[in-house]
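The next block holds one structure in the form of structure tokens; read it before the comments.
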Amino acid sequence: EILLIMGKREAEGAIQGTKGNKKAKQSDELDSKTIVSGVLDALEDHQDAVSKLREGIDEIADAETKEARMIANKYRQKKTLLLKKQGAFIEKVPNFWAAVLAANAATEQFFSEKDWSVMSHCSGMSLKASGIDGDTVFTMEFKPSNPFFKNAEINITISENDTPLACSNIDFKDGRGIADLNTEDQDSFFNIFIGGPLEDDEERQNAVMMLMSQLEQTLEDPFMSLEMGGDAIDFDDSEDDDDDSEDEDDNE
């Protein structure tokens, strides 16, 4: 009889222990919604403080962006003379800008195979401050020999916040059109310059922003893109190569 009573108590204890473990497990199991809801409830009492902190951080970030642009423009102006000399040299090299864009995978992706027939007539590319509200203007210049359109140059204007504002409209020569440059696999890069105002076309704006994110460094140092290409020339090591050849001659 005593053994039966003890067994009953042990069984009851085991049942109570199981219930306790279930409760503990339930309290440990939290889903994502419960976690988020709990944090939001906790922050609700501190909403004003959090808002002030975020406003302060945003103000500093805006000031940082403006100052960075001012510094970039300052040094871009200092580079102007050297860039002009570089441009004069580049003009003497046929297909230079087409090669620069084609050699760099980051920029090559924007152009259809047929676009290179136009780019072979590109005589210059630049990215300059317009002097109006911190805007920047990207320009592509073309030789009169361009068989596709009449424009001597086409431009894209970008705001200081990197928002595309406006672009040129391509004036195609008789019998030519954008269909001559589109392919089955890819639309032409020059679709950016076809259509109504750029500010009303989100798809074209996105294409411009993607392009400009890759172009700034390319335009500043186009030789780097050529170095990244297939059989690259290492312009920086040209003097070292001369020294090496001299050493080999001396050893002979």
(message) Check Asp162 with Arg69, please: is the shortest side-chain N to carboxylate O separation under 4.0 Å?
(response)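 Yes, charged N to carboxylate O under 4.0 Å.
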Is a side-chain donor or acceptor of [X] paired with a backbone partner of [Y] at a separation under 3.5 angstrom?
| X | Y | value |
| --- | --- | --- |
| Asn161 | Thr163 | no |
| Ser37 | Lys33 | no |
| Asp187 | Asn182 | no |
| Asp58 | Glu55 | no |
| Gln186 | Gln109 | yes |

- Query: Taking the six-membered ring for Trp, is the centroid-to-centroid distance between Phe189 and Phe111 below 6.0 Å?
  - Reply: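 Yes - the distance between ring centres of Phe189 and Phe111 falls below the 6.0 Å cut-off.
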More than 12 heavy atoms of other residues, nucleotides or ligands under 6.0 Å from [atom1] of [X]: yes or no?
| X | atom1 | value |
| --- | --- | --- |
| Glu153 | CD | yes |
| Lys84 | NZ | no |
| Lys128 | NZ | no |
| Met70 | CE | no |
| Glu216 | CD | no |

Q.
For Phe142, give me all partners under ring-ring contact (aromatic ring centres under 6.0 Å, His included), at least two apart in sequence or on another chain.
A.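 Phe149.
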- Task: Please name all residues satisfying side chain to side chain donor-acceptor pair (under 3.5 Å) with Asn206, sequence neighbours left out, ordered by chain then number.
- Result: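 Partners of Asn206 by the side chain to side chain donor-acceptor pair (under 3.5 Å) criterion come out as none, since no residue qualifies.
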Residue pairs meeting side-chain hydrogen bond (donor to acceptor under 3.5 Å, both in side chains), one or both in residues 138-152, sequence neighbours left out, come to His121-Ser145, Thr139-Asn155
State, yes or no, whether a side-chain contact exists between Val100 and Leu226 at a heavy-atom distance under 4.5 Å.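 Sidechains of Leu226 and Val100: in contact.
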pair Leu219-Trp97: side-chain heavy atoms closer than 4.5 Å: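 Touching, per the 4.5 Å side-chain cut-off.
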When Met210, Arg204, Met212, Gln205 are each screened for side chain to side chain contact (heavy atoms under 4.5 Å, CB included) with Val208, the one that passes is Met212
Any idea how Phe190 and Phe193 line up, ring-wise: parallel (<30°), tilted (30 to 60°), or perpendicular (>60°)? tilted
